[in-house]
Amino acid sequence: MRGLLTPLARDCEVTMIPSGERVMVPAGTEVRVLQTLGGNVTVQGDYGQLMRIDEKDAEVLGADYLAQNPRSEASQAEAAEGSFDEERVWEQLRTVYDPEIPVNIVELGLVYQCKSTSLPEGGYRVEIHMTVTAPGCGMGPVLVDDVRRKVQDLPGVKEADVQLVWDPPWDQSRMSDVARLQLGWM
């Protein structure tokens with residue numbers, strides 16, 4: 001499935017990469033699956049444009065795709081059980097991937113702060129400061145929404161405040177050795 005041209009089974013709203021613009025792509029448009037990490041799918045159109053298909057719309061790629069890439073509902077149900085644990089927040093952050101780089105945002109060094117505070121009425125507020133690899137990247141708000149949604153789904157989390165920050169600017173020195181290895185930079 002990966003690398004093969006696949007026609008979209010229906011019209012589908014996608015996010016253009018790197019602009020972050022949402023556009024409707026008509027049924028029958030052929031795309032090439034490039035990356036299926038974190039539940040979302042990065043595809044390439046017939047003119048080389050990169051697009052992200054949200055996990056909820058992955059069935060647009062057909063039954064063969066779904067058979068090879070089952071949805072992550074089981075892991076989401078597992079994440080919803082139990083009590084609050086900040087390590088689970090970090091686990092969720094590791095399921096958010098840059099749509100152009102096959103590495104999660106934690107290993108890329110995009111998460112600058114993750115702090116939890118107990119709330120007087122019960123539950124926790126989780127504050128996350130993160131950045132993107134380039135200031136002009138339109139995918140920043142998309143990644144912020146991904147992080148907010150995944151953290152908000154954790155048990156005990158009542159508030160998830162995710163901020164996109166630019167200081168300090170990201171550079172490759174922030175990447176973990178794991179990320180460097182994944183990208184073949186070691």
Side-chain angles (χ1 to χ4, degrees), residues 15-22 34-42 50-56 71-186:
T15 304
M16 300 301 293
I17 302 169
S19 71
E21 177 186 4
R22 298 287 291 173
L34 301 178
Q35 177 174 301
T36 60
L37 301 168
N40 300 307
V41 184
T42 299
L50 295 180
M51 301 171 272
R52 185 180 101 156
I53 297 174
D54 292 338
E55 181 176 19
K56 67 178 178 51
R71 284 192 153 174
S72 61
E73 291 169 359
S75 62
Q76 289 174 351
E78 183 180 300
E81 296 174 5
S83 59
F84 178 80
D85 179 359
E86 194 167 306
E87 185 52 40
R88 291 176 96 176
V89 174
W90 284 101
E91 288 171 12
Q92 284 295 83
L93 293 174
R94 287 182 182 92
T95 69
V96 178
Y97 286 80
D98 183 295
E100 295 177 279
I101 306 170
V103 177
N104 71 62
I105 63 171
V106 173
E107 300 303 335
L108 276 175
L110 300 181
V111 179
Y112 289 172
Q113 171 187 306
C114 177
K115 179 174 76 172
S116 60
T117 309
S118 65
L119 297 170
E121 65 275 9
Y124 289 83
R125 172 185 171 86
V126 177
E127 293 180 36
I128 296 169
H129 291 181
M130 62 175 287
T131 194
V132 290
T133 56
C137 179
M139 294 304 291
V142 175
L143 292 174
V144 164
D145 287 343
D146 285 352
V147 168
R148 184 178 295 113
R149 181 178 37 80
K150 288 187 177 200
V151 170
Q152 188 70 51
D153 287 345
L154 289 171
V157 175
K158 300 295 182 205
E159 299 175 19
D161 179 26
V162 184
Q163 300 293 318
L164 197 57
V165 298
W166 307 109
D167 190 33
W170 181 87
D171 64 55
Q172 292 177 6
S173 70
R174 298 186 172 280
M175 294 170 56
S176 72
D177 287 344
V178 169
R180 285 182 172 65
L181 218 98
Q182 285 177 301
L183 296 172
W185 293 359
M186 283 186 86

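Each of Val162, Val165, Leu164 was evaluated against His129; a single residue qualifies, Val165, per the side-chain contact (heavy atoms from CB on, under 4.5 Å) test. With Arg149 as the partner, the side-chain hydrogen bond (donor to acceptor under 3.5 Å, both in side chains) test is satisfied by one option alone out of Asp145, Asp153, Asp146: Asp146.
Using a 4.5 Å heavy-atom cutoff, the side chains of Asn104 and Leu93 are not in contact. Side-chain atoms of Pro102 and Gln182, non-hydrogen and from C-beta on, never get closer than 4.5 Å to each other. The side-chain heavy atoms of Arg174 and Thr131, taken from C-beta on, include no pair separated by under 4.5 Å. The side-chain heavy atoms of Leu37 and Thr42, taken from C-beta on, include no pair separated by under 4.5 Å. Glu107 places none of its side-chain heavy atoms less than 4.5 Å from the side chain of Tyr97.
Judged by distance alone, the side chain of Trp90 and the main-chain N or O of Val106 form no donor-acceptor pair under 3.5 Å. A side-chain donor-acceptor contact under 3.5 Å links Asp85 to the backbone of Glu87. Between the side chain of Gln35 and the backbone N or O of Asp98, at least one donor-acceptor pair lies under 3.5 Å. One N or O on the side chain of Asn40 and one on the backbone of Glu55 form a donor-acceptor pair closer than 3.5 Å.
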Side chain to side chain contact (heavy atoms under 4.5 Å, CB included) assessment of Trp170 paired with Met130: CA-CA 10 Å; Trp170 181 87; Met130 62 175 287; over 6 Å; no
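For Val126 against Cys114, the heavy-atom pair with the smallest separation is CG1-SG, 4.2 Å. Minimum heavy-atom separation, Ser116 to Phe84: CB-CZ, 3.6 Å.
Residues passing the ring-ring contact (aromatic ring centres under 6.0 Å, His included) test with Tyr112: none are found, sequence neighbours excluded. Judged as a side-chain contact (heavy atoms from CB on, under 4.5 Å), and not counting sequence neighbours, the contacts of Thr95 are Gln92, Lys150.
Between the CD atom in Glu91 and the CD atom in Glu86 there is a gap of 11.5 Å [rounded to 0.5 Å]. Considering CZ of Arg180 and OG of Ser173, their distance stands at 7.0 Å, rounded to 0.5 Å. Between the CD1 atom of Ile128 and the CD1 atom of Ile105 there is a distance of 7.5 Å, given to the nearest 0.5 Å. Interatomic distance, OG1 of Thr15 versus CZ of Arg22, reported as 3.5 Å (0.5 Å rounding). Here Leu183 contributes atom CG and Leu108 contributes atom CG; the two are 7.0 Å apart, rounded to the nearest 0.5 Å.
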Using residues 154-161 as the side-chain source, report each donor-acceptor pair under 3.5 Å to any protein atom, sequence neighbours left out, with the distance given to one decimal.
residue: Glu159; atom: OE1; partner: Arg125; partner atom: NH1; Å: 2.6
residue: Asp161; atom: OD1; partner: Gln163; partner atom: NE2; Å: 2.6
residue: Asp161; atom: OD2; partner: Arg125; partner atom: NH2; Å: 2.9

